[in-house]
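See below for the structure under consideration.
Below, each value reflects all heavy atoms present in this structure, side chains not excepted, and no hydrogens, waters or symmetry copies.
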Amino acid sequence: MSWSYLDANRNRKLYKLWNRLRSGSYFPKPVKAVAIPKRDGCTRKLGVLTLLDCIARQVVRDVLERHLAPIFHATSFGYRPGRSAHDAVRQSGRNVFKHDFAIDLDIERFLDTIDHKLLLKALGQYCPHSWVRLCVERWLKAGLMAADHFHQTKAGTPQRGVISPLFANLFLQAAFDAWMAREHPEKPFERYADDVVVHCKTEKHAKFVLWSIEQRLRTCKLTLHSGKTKIVNLRGRAMARYPK
């Protein structure tokens, strides 16, 4: 379906979509997986949605965002209205004056490995609308079409998907942000999507917090990228060599 066809038939098509969303009879199409080359020679799978599924996801996103925005952590900056990467950089700049070490976290293949059961559990905790939860569950079960073959998925959400950034923030709010506020309230951090910087005063603190975060994420079925995650020595004394 093209945009021009949808525009010419928008009253009929959008009414049918609205009616199905309202009645619970909406079932999405599988997501088309398209491999995009990366600079390192690997590929990244992007998810291409049908136009009506894009519209449905935007409707749900608008509703869900109103419920999630008040509960998101104050230091979560990625893909949130009125916040930007520049805000995260400014806050990081203020924190480095009081902390000699920083932990640079990178979660390996984050969007591809989000566990569906844990995501739905987090959604059930924060979202009061049963029709929203039903739509999300059906999107997660819709599967992928790759090379004309259907693949059932138990983890992940489409790269560049309409609502995927909101799912990412919801998942990490439960898996990381709320946990850090509870277990390490004295350690400030900035998070932009799945890129996180945690500030520590000493090398000993940084090593322990990194180990603790690794264990926590493992219980949430996430893995830190060993080549990109590192402790950075800003100016403190240390027993080991760290990147500047």
- Evaluate side chain to side chain contact (heavy atoms under 4.5 Å, CB included) for F150 paired with L144, printing each intermediate quantity in order. CA-CA 6 Å; F150 175 78; L144 293 173; over 6 Å; no
- Message: Please check if the number of heavy atoms outside F97 that lie under 6.0 Å from its CZ is greater than 12.
- Response: no
- Query: At their closest point, which heavy atom of R138 faces which heavy atom of G24, and how far apart are they?
  - Reply: NH1-O, 2.7 Å
- Query: Taking atom CZ of R22 as the centre, does the number of heavy atoms from other residues, nucleotides or ligands within less than 6.0 Å exceed 12?
  - Reply: no
- Query: For R218, what residues pass the salt bridge (charged side-chain N to carboxylate O under 4.0 Å, His left out) criterion, not counting sequence neighbours?
  - Reply: E214
- Message: Please evaluate residues K117 and K154 with respect to the criterion side chain to side chain contact (heavy atoms under 4.5 Å, CB included), reporting the C-alpha separation (whole Å), side-chain torsions for both, the decisive distance (0.1 Å), and the verdict.
- Response: CA-CA 8 Å; K117 289 184 178 180; K154 295 183 179 180; over 6 Å; no
- Query: When clusters are formed by joining ILVMFWY residues with side-chain heavy atoms under 4.5 Å apart, either directly or through shared neighbours, do F72 and M180 land in the same one?
  - Reply: yes
- Item | Close side-chain approach of I55 and L17, heavy atoms under 4.5 Å | yes
- Message: Contact between F101 and K201 at the side-chain level, heavy atoms closer than 4.5 Å - yes or no?
- Response: no
- Looking only at non-hydrogen atoms, find the nearest pair between L49 and C54 and report the distance. CB-SG, 3.6 Å
- In short, S2 meets S4 closest at the heavy-atom pair OG-OG, 3.0 Å
- Message: Is it the case that the side chain of N9 and the backbone of Y5 share a donor-acceptor pair, with hydrogens and angles ignored and the cut-off at 3.5 Å?
- Response: yes
- Message: I'd like to know if the side chain of S76 pairs up with that of R191 as donor and acceptor (distance under 3.5 Å, no hydrogens or angles considered).
- Response: yes
- Output yes when D100 and R235 qualify as a salt bridge under the 4.0 Å nitrogen-oxygen rule, no when they do not. yes
- Message: Same cluster or not: V132 versus I71, using hydrophobic residues (I, L, V, M, F, W, Y) connected whenever any side-chain heavy atoms lie under 4.5 Å apart?
- Response: yes
- Short side-chain donor-acceptor distance under 3.5 Å, D62 and Q58: yes
- Message: Between K228 and D104, does any side-chain N to carboxylate O distance fall below 4.0 Å?
- Response: no
- Between I103 and L224, is there a shared hydrophobic cluster once you connect ILVMFWY residues whose side-chain heavy atoms come closer than 4.5 Å? yes
- Query: Do K13 and M1 have side-chain heavy atoms sitting under 4.5 Å apart?
  - Reply: yes
- Query: D53 and T50: side-chain donor and acceptor closer than 3.5 Å?
  - Reply: yes
- Query: H99 vs H199 aromatic rings, parallel, tilted or perpendicular, using cut-offs 30° and 60°?
  - Reply: tilted
- Query: Would you say the ring centroid of F189 lies under 6.0 angstrom from that of H73?
  - Reply: yes
- Message: Is there a continuous path of hydrophobic side-chain contacts, each under 4.5 Å between heavy atoms, that joins L120 to I163?
- Response: yes
- Is there a donor-acceptor pair closer than 3.5 Å between any side-chain N or O of S23 and the backbone N or O of N19? yes
- Item | Derivation of the side chain to side chain contact (heavy atoms under 4.5 Å, CB included) call for Q159 and D112 | CA-CA 8 Å; Q159 296 266 1; D112 294 332; 4.1 Å; yes
- Got E65 and P81 here, is their nearest side-chain heavy-atom distance under 4.5 Å? yes
- Query: Parallel under 30°, tilted from 30 to 60°, perpendicular over 60°: which one fits the rings of H151 and H149?
  - Reply: perpendicular
- Do L222 and L172 touch side chain to side chain, with heavy atoms closer than 4.5 Å? yes
- Item | Heavy-atom side-chain contact between Q91 and T75 under 4.5 Å | yes
- Any donor-acceptor pair under 3.5 Å linking the side chain of T229 with the backbone of S226? no
- Taking every non-hydrogen atom, the tightest pair across P158 and S164: O-OG, 2.6 Å
- Calculate, to the nearest 0.5 Å, the distance between atoms SG and CZ belonging to C200 and F208 respectively. 10.5 Å
- Verdict with reasoning, W179 to L217, per side chain to side chain contact (heavy atoms under 4.5 Å, CB included): CA-CA 10 Å; W179 175 82; L217 293 182; over 6 Å; no
- Query: Is there a side-chain contact between V209 and H184 (heavy atoms, below 4.5 Å)?
  - Reply: yes
- Query: Does one hydrophobic cluster hold both F167 and F176, with members joined at side-chain heavy-atom distances below 4.5 Å?
  - Reply: yes
- Note on the structure: Nearest heavy-atom contact between I114 and A168 is CD1-CA, 4.3 Å
- Query: Should the pair W139 and Y26 be assigned to parallel (<30°), tilted (30 to 60°) or perpendicular (>60°) ring geometry?
  - Reply: perpendicular
- Task: Could you give me the CA-CA distance, side-chain angles and deciding distance for N169 and Q173, then say whether side chain to side chain donor-acceptor pair (under 3.5 Å) is met?
- Result: CA-CA 6 Å; N169 277 334; Q173 165 66 28; over 6 Å; no
- Query: About how many Å separate OG1 of T223 and NE2 of H225, when rounded to the nearest 0.5 Å?
  - Reply: 10.5 Å
- Look up atom SG in C135 and atom CZ in R20, then write down how far apart they are to the nearest 0.5 Å. 12.5 Å
- For A142 and K29, work out which heavy atoms get closest and say how close. CB-O, 3.8 Å
- Please examine the side chains of R90 and H86, heavy atoms only from C-beta on, and report whether any two atoms are closer than 4.5 Å. yes
- Item | Spacing of S84 atom OG and Y79 atom OH [to the nearest 0.5 Å] | 12.5 Å
- Item | Electrostatic pair E137:R133 at N-O distance under 4.0 angstrom | no
- Any chance you could measure D115, atom CG, to L119, atom CG, to the nearest 0.5 Å? 8.5 Å
- Task: Drop me the distance from L64's CG to L170's CG, to the nearest 0.5 angstrom.
- Result: 7.0 Å
